[in-house]
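Numbered from 1 within each chain, the chains take letters A, B, ... in sequence-line order.
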2 protein chains.
Amino acid sequence: MPKNCNFIEKLRGVGLRPTKQRINMCEVLFNREKTFHFTINDLVKMISEKMNQKISLATVYNTVHAFEKKGYLKEISIDSHKSYFDTNTSSHHHFFDEDTNELIDCDESDIDKINIRKNIPGKKINSVEVLIRVASDNQNQK
Amino acid sequence: MPKNCNFIEKLRGVGLRPTKQRINMCEVLFNREKTFHFTINDLVKMISEKMNQKISLATVYNTVHAFEKKGYLKEISIDSHKSYFDTNTSSHHHFFDEDTNELIDCDESDIDKINIRKNIPGKKINSVEVLIRVASDNQNQK
DNA sequence: AATCTACATTATAATAATTCTAAACTGTTG
DNA sequence: CAACAGTTTAGAATTATTATAATGTAGATT
């Protein structure tokens, strides 16, 4: 049984047609052990390499957004110039390495539960996410 | 004594010339009691109204970025389409109201101290910031 | 207060990122 | 395997941001 089957079912499950491009994207995105963080540009390159042919930028944007809407991808915005997507769609925290521009997952157990004492009247909390910016510790290396 | 003086000194203090435009920007940005959250577009409109004439978009971008670099403004990125600036440049937390697209400061006292158990080898933590997304609580209003 | 000089501002052009469009293509259903 | 509806594509359009080069202006010098 080809492992594509999982992806085909996954796609059907949320009402997306399992087209060549989408299956290829699924393999790049979800066929891995660890969570995967990427920018649109990263992804275009990786899919092109995998398929050994170009894929239209528009297709990548459309499909990423389709996945996002269906809850298979989650956007993590670092600043106005750096936007990542994450295959881990649960609400979770991140380290951002400002030296390498790398986004690193922060396990639930790595951070104490966050307790918010205030609430906004008439509003419910949809998500609570922490971004921890890190950079090389030059002070220690003098 | 016109209250501009503060701004003129403030600007000189970090090596920026107190030009007409910058003084106007300072008034819009810093002449208020509460922290101010805005997008570039918001700001262009407000300054144009205040000055009663157009201000070049390029000037607003350049000056906002100059202020940011000097530590008078801080960027808060919500998603790839929504980037705000904040006159409160200390590391602090925010509520984001997804109904109104409004950014709301979260006081230090509104949230328990965040304790991070993991550290990335060779890296130091530059900032820890929480974004709490809220939206209207329709479940309660049925 | 006139002049000078370096830095600012401006309108416009350039670039970058993202979305739209309309035609061609392809999975799926029957 | 025909027909339809959804998908992909290249390229155009749009939007956000930055660069450019001419003009303007604050502040120092006289």
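The nearest heavy atom of DNA chain D to K54(A) and to L57(B) marks one nucleotide each, and the one closer to the 5' end goes with K54(A).
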Could you list all N or O pairs between the protein and nucleotides 28-30 of chain C that sit under 3.5 Å apart?
from    : atom 1 : to     : atom 2 : distance (Å)
dT28(C) : OP1    : R12(A) : NH1    : 2.6
dT28(C) : OP1    : R12(A) : NH2    : 3.3

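Looking only at side-chain heavy atoms (C-beta outward), N31(A) and F36(A) stay at 4.5 Å or farther from each other. At least one side-chain heavy atom of F96(B) sits less than 4.5 Å from a side-chain heavy atom of L131(B). Counting only heavy atoms from C-beta outward, the side chains of I23(A) and L11(A) approach each other to under 4.5 Å. Residues K34(A) and R32(A) are not in side-chain contact: their nearest non-hydrogen atoms beyond the backbone lie 4.5 Å or more apart. Using a 4.5 Å heavy-atom threshold, the side chains of N126(A) and E98(B) count as touching. For the pair L43(B) and L29(B), the minimum side-chain heavy-atom distance is below 4.5 Å. Y61(B) places a side-chain heavy atom less than 4.5 Å from the side chain of I40(B).
Listed by chain and number, the residues in a side-chain contact (heavy atoms from CB on, under 4.5 Å) with K70(A) are V14(A), L16(A) (sequence neighbours excluded). Qualifying side-chain contact (heavy atoms from CB on, under 4.5 Å) partners for D110(A), counting only residues two or more places apart in sequence or in other chains: C106(A), D107(A), K118(B). By the side-chain contact (heavy atoms from CB on, under 4.5 Å) test, R117(B) is found to be paired with D112(A), residues two or more places apart in sequence or in another chain being considered. Partners of D42(B) according to the side-chain contact (heavy atoms from CB on, under 4.5 Å) rule, which considers only residues two or more places apart in sequence or in another chain, are F38(B), T39(B). Listed by chain and number, the residues in a side-chain hydrogen bond (donor to acceptor under 3.5 Å, both in side chains) with D99(A) are K123(B) (sequence neighbours excluded).
Of the candidates dC20(C), dG27(C), dA8(C), the closest approach to any side-chain atom of R22(B) belongs to dA8(C).
Rounded to 10°, the angle separating the first-five-pair axis and the last-five-pair axis of the helix from dA1(C)-dT30(D) to dG30(C)-dC1(D) equals 30°.
Between F30(B) and F7(B), the ring-plane angle classifies as tilted under the 30° and 60° cut-offs.
For the contact set between residues 41-53 of chain A and DNA chain C, defined by any heavy atom under 4.0 Å, there are no members. A heavy atom lying under 4.0 Å from DNA chain C marks the following residues of residues 61-84 of chain B, by number: T63(B), H81(B).
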Let me have the donor-acceptor pairs involving side chains of residues 48-59 of chain A, under 3.5 Å, with sequence neighbours excluded, atom names and distances please.
from   : atom 1 : to     : atom 2 : distance (Å)
S48(A) : OG     : V44(A) : O      : 2.8
K50(A) : NZ     : E27(A) : OE1    : 3.3
S56(A) : OG     : A58(A) : N      : 3.2

Exercise answer: donor-acceptor pairs, residues 72-81 of chain A side-chain atoms, under 3.5 Å, sequence neighbours excluded:
from   : atom 1 : to      : atom 2 : distance (Å)
Y72(A) : OH     : K10(A)  : O      : 3.1
K74(A) : NZ     : E129(A) : OE2    : 2.6
E75(A) : OE2    : S83(A)  : OG     : 2.5
E75(A) : OE2    : S80(B)  : N      : 3.2
E75(A) : OE2    : S80(B)  : OG     : 2.8
S77(A) : OG     : S77(B)  : OG     : 2.5
D79(A) : OD1    : H81(A)  : N      : 2.7
D79(A) : OD1    : K82(A)  : N      : 3.1
D79(A) : OD2    : K82(A)  : NZ     : 3.0
S80(A) : OG     : E75(B)  : OE2    : 2.8

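Nucleotides of DNA chain D lying under 4.0 Å from heavy atoms of chain A occupy a range whose first and last members, 5' to 3', are dA5(D) to dT18(D).
Counting non-hydrogen atoms under 4.0 angstrom, T19(B) reaches the backbone sugars and phosphates but no base. Contact annotation for I55(B): backbone-only contact, meaning every heavy-atom pair under 4.0 Å involves sugar-phosphate atoms and none involves a base.
Rounded to a whole Å, the CD atom of Q21(A) is 9 Å from the P atom of dT26(C).
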